[in-house]
Undergrad: 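For reference, the structure I am asking about is given below.
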Amino acid sequence: MTARSQSPAARPPGFVYRETKRGLLRRDGPSVLYCEDVDMLDLAEQHGTPLYVYSAAMIRERYDAFDAAFREVPHTICYSVKANSNLTILRMLARKGCGFDVVSGGELERVLAADRKAAKKVVFSGVGKTREELTAALKAGIMLFNVESESELWALAECAGRLRKTAPVALRVNPDVAAETHPYISTGLRKHKFGVPIRDARALYAKASGARYLKVRGVSVHIGSQITDVAPFGEAMARVADLVRELRGDGHRIDYIDAGGGLGIAYEKASAFSADVEAYARSLSAPLRGLDVRLLLEPGRSIIGPAGVLVTSVLYRKQNDGKRFLVVDAAMNDLIRPALYGAYHEIIPVKQSPVQQSAGATAKSEVTDIVGPVCETGDFFARDRELPVVGEGDLLAILDAGAYGMVLASNYNTRPRAAEVLVSGGTAKVIRRREKVSDLLRAES
Ligand code: LLP
């Protein structure tokens with residue numbers, strides 16, 4: 001594997017280096033990574049590490065850019081809760097008028113806890129909704145059930161009948177469109193467990209419309225996650241648009257097309273989000289011209305991914321037969337993406353020394369693995385990475401960790417989960433306290 005170098009200068013706003021007064025002479029002093037107007041060294045000192053830090057301004061900016069990109073079409077953004085489900089973040093988005101995509105009864109409860117009134121903008125996706133979950137969503141009065149099989153359709157009809165409430169239904173169709181991404185998060189091919197084959201859809205819609213407590217309202221699709229080429233989104237939409245015309249011809253009422261989520265972010269290189277999301281919007285909207293539907297969008301990662309970092313502290317430097325390791329205090333239980341998908345996350349020091357600033361990161365850099373304390377070889381954040389030389393006790397920021405970071409955290413090796421802090425301007429608020437071992441032991445006998 002070849003070493004890859006860092007380009008911290010190319011990072012988006014939200015997390016930027018600033019000169020500090022900590023040095024002897026201000027001009028030659030070190031520069032420190034800030035989240036908005038908050039010094040991240042101070043944050044780590046106050047709250048400990050590993051620590052998730054989010055920028056509220058960045059979340060809002062990204063939501064606004066997403067919303068603006070779709071200004072030409074009637075649309076509702078239903079933020080995908082699975083990407084980051086912290087209550088404070090959900091509440092922040094709800095205040096902006098955002099809806100939500102949930103995939104479990106638990107996520108629905110979170111959304112309702114964040115904002116009671118958000119139910120009418122909730123879509124419920126997932127291949128294995130239980131009757132309890134369907135019933136809870138019916139009682140809450142959600143906007144749309146994205147049904148993924150005929151069996152689920154009948155389960156929903158049964159639950160709705162019991163409550164004498166009508167369930168608004170879309171079928172999630174599988175458009176058989178290939179999109180380049182990691183095989184674990186690609187969903188739009190025939191071989192995947194998701195949705196119903198698009199060619200079976202008409203027959204199923206006919207069955208659904210015959211059920212007393214089901215009301216056909218839309219069609220939904222989701223082809224995968226971390227997709228950076230926008231063409232497959234357009235292809236899937238074109239197939240869905242054809243289906244909508246057929247369904248209307250069959251006499252169904254189709255008010256919604258749910259396009260799912262999946263727009264990728266630039267983990268390895270900087271990229272202008274507004275341009276990316278505009279291209280995505282053009283690709284999705286073109287096939288819908290003249291259709292007169294409301295477009296539902298389920299972005300997760302593209303809203304929250306770059307708005308969060310995981311701060312970790314270097315415990316030990318070690319060399320085994322010339323191979324260098326930085327052992328840090330975060331591990332795969334805190335951020336599993338590198339271990340699970342071989343995902344790349346940029347890693348930068350929280351404090352840059354003057355030599356790194358003046359002569360560039362290569363002046364005093366080294367090639368090293370960055371690994372956690374968990375007893376698995378897969379517990380790494382980066383392999384053979386070129387990084388400015390840092391010492392024991394120094395802090396590193398693992399970037400683009402806002403999505404699928406904390407939500408996938410576990411207690412493996414009985415490691416309590418990290419705290420989460422939300423920064424807004426010059427203030428930082430703990431939005432989830434650090435777990436204690438006693439929290440973990442409490443549920444056991
Ligand atoms: N809608 C549905 C039906 C989904 O299954 C997903 C993601 C989304 C929306 C949101 O997709 P996004 O906009 O965030 O790409 N843990 C993996 C990602 C799993 C995505 C699962 N479904 C990762 O860390 O890359």
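One-based numbering, in listed order, for ligands and for the atoms of each. Quick caveat: nothing in here was measured; it's all calculated off a predicted structure.
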Undergrad: Should one rank Gln226, Lys82, Glu298 by closest heavy-atom distance to atom 4 (C) of ligand 1, which comes out on top?
TA: Lys82
Undergrad: Could you walk me through whether Tyr54 and Asn86 satisfy the side-chain hydrogen bond (donor to acceptor under 3.5 Å, both in side chains) test, starting with their C-alpha distance in whole Å, then the side-chain angles of each, then the deciding distance to 0.1 Å, before giving a yes or no?
TA: CA-CA 11 Å; Tyr54 307 107; Asn86 186 285; over 6 Å; no
Undergrad: CG/Leu296 to OG/Ser220 distance, rounded to the nearest 0.5 angstrom?
TA: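 These two atoms lie 9.0 Å from each other.
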Undergrad: Side chain or backbone of Pro299 under 4.0 Å from ligand 1, or both, or neither, by non-hydrogen atoms?
TA: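 Just the backbone.
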Undergrad: Output the list of atoms in ligand 1 that are nearer than 4.0 Å to some heavy atom of Tyr341, sorted by atom number.
TA: 16 (N), 17 (C), 23 (C), 24 (O), 25 (O)
Undergrad: Taking 4.0 angstrom as the limit and counting only heavy atoms of Gly261, give me the atoms of ligand 1 inside it, by number and element.
TA: 1 (N), 9 (C), 13 (O)
Undergrad: Is there a polar contact between ligand 1 and Ser225, counting only N or O atoms under 3.5 Å apart?
TA: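 N/O-N/O distance below 3.5 Å exists for this pair.
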Undergrad: Does ligand 1 have any atom that is closer than 4.0 Å to a heavy atom of Ile227?
TA: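 Checking ligand 1 against Ile227, which is what was asked, there is no heavy-atom contact under 4.0 Å.
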Undergrad: Going by the atom numbers of ligand 1, which of them fall below 4.0 Å from some non-hydrogen atom of Leu408?
TA: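 Matching atoms, with element in brackets: 16 (N).
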Undergrad: Could you give me the CA-CA distance, side-chain angles and deciding distance for Ser225 and Arg301, then say whether side-chain hydrogen bond (donor to acceptor under 3.5 Å, both in side chains) is met?
TA: CA-CA 8 Å; Ser225 191; Arg301 185 190 326 258; 2.7 Å; yes
Undergrad: Quick one: look at Arg337 and ligand 1, take heavy-atom pairs under 4.0 Å, and tell me if it's side chain, backbone, both or neither.
TA: side chain
Undergrad: State whether the shortest distance between N or O atoms of Gly260 and N or O atoms of ligand 1 falls below 3.5 angstrom.
TA: no
Undergrad: Is the Tyr205 ring parallel, tilted or perpendicular to the His252 ring (thresholds 30°, 60°)?
TA: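 Answer is tilted, since the angle falls between 30° and 60°.
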Undergrad: Please work out which of Tyr267, Tyr404, Phe124 has its closest non-hydrogen atom nearest to atom 11 (O) of ligand 1.
TA: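 Comparing heavy atoms across Tyr267, Tyr404, Phe124, the nearest one to atom 11 (O) of ligand 1 lies in Tyr404.
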Undergrad: For Asp101, take its heavy atoms, then give the atoms of ligand 1 lying under 4.0 Å from any of them.
TA: 1 (N), 2 (C), 9 (C)
Undergrad: Assign the ring pair Phe70 / Tyr280 to parallel, tilted or perpendicular, where the plane angle (0 to 90°) is split at 30° and 60°.
TA: perpendicular
Undergrad: Around Arg71, counting heavy atoms of other residues, nucleotides and ligands shown, do more than 12 lie under 6.0 Å from its CZ?
TA: yes
Undergrad: Within a distance under 4.0 Å of any heavy atom of Gly300, pick out the atoms of ligand 1 and give their elements.
TA: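 So the atoms of ligand 1 that pass are 12 (P), 13 (O), 14 (O).
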Undergrad: I need the Asp292 CG to Arg248 CZ distance, nearest 0.5 Å.
TA: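 The CZ atom of Arg248 is 6.0 Å from CG of Asp292, to the nearest 0.5 Å.
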Undergrad: When you measure from the centre of the six-membered ring of Phe145, is the NZ or CZ of Lys129 closer than 6.0 Å and no more than 45° off the axis?
TA: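 No, Lys129 does not lie over the aromatic ring of Phe145.
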Undergrad: If the cut-off is 4.0 Å to any non-hydrogen atom of Arg301, which atoms of ligand 1 fall inside it?
TA: 12 (P), 13 (O), 14 (O), 18 (C), 23 (C), 25 (O)
Undergrad: What part of Val103 sits under 4.0 Å from ligand 1 if we count only heavy atoms: the side chain, the backbone, both or neither?
TA: neither
Undergrad: Name the orientation class of the two ring planes belonging to Phe273 and Phe66 (parallel below 30°, tilted from 30 to 60°, perpendicular beyond 60°).
TA: tilted
Undergrad: Within the 4.0 Å heavy-atom shell around Gly262, which atoms of ligand 1 are there?
TA: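 Close to Gly262: 11 (O), 12 (P), 13 (O), 15 (O).
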Undergrad: Considering the heavy atoms of Arg172, write down every atom of ligand 1 situated less than 4.0 Å from one of them.
TA: 3 (C)
Undergrad: Have a look at ligand 1 and work out which part of Leu340, if any, has a heavy atom under 4.0 Å from it: side chain, backbone, both or neither.
TA: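 Within the 4.0 Å criterion, Leu340 makes no contact with ligand 1.
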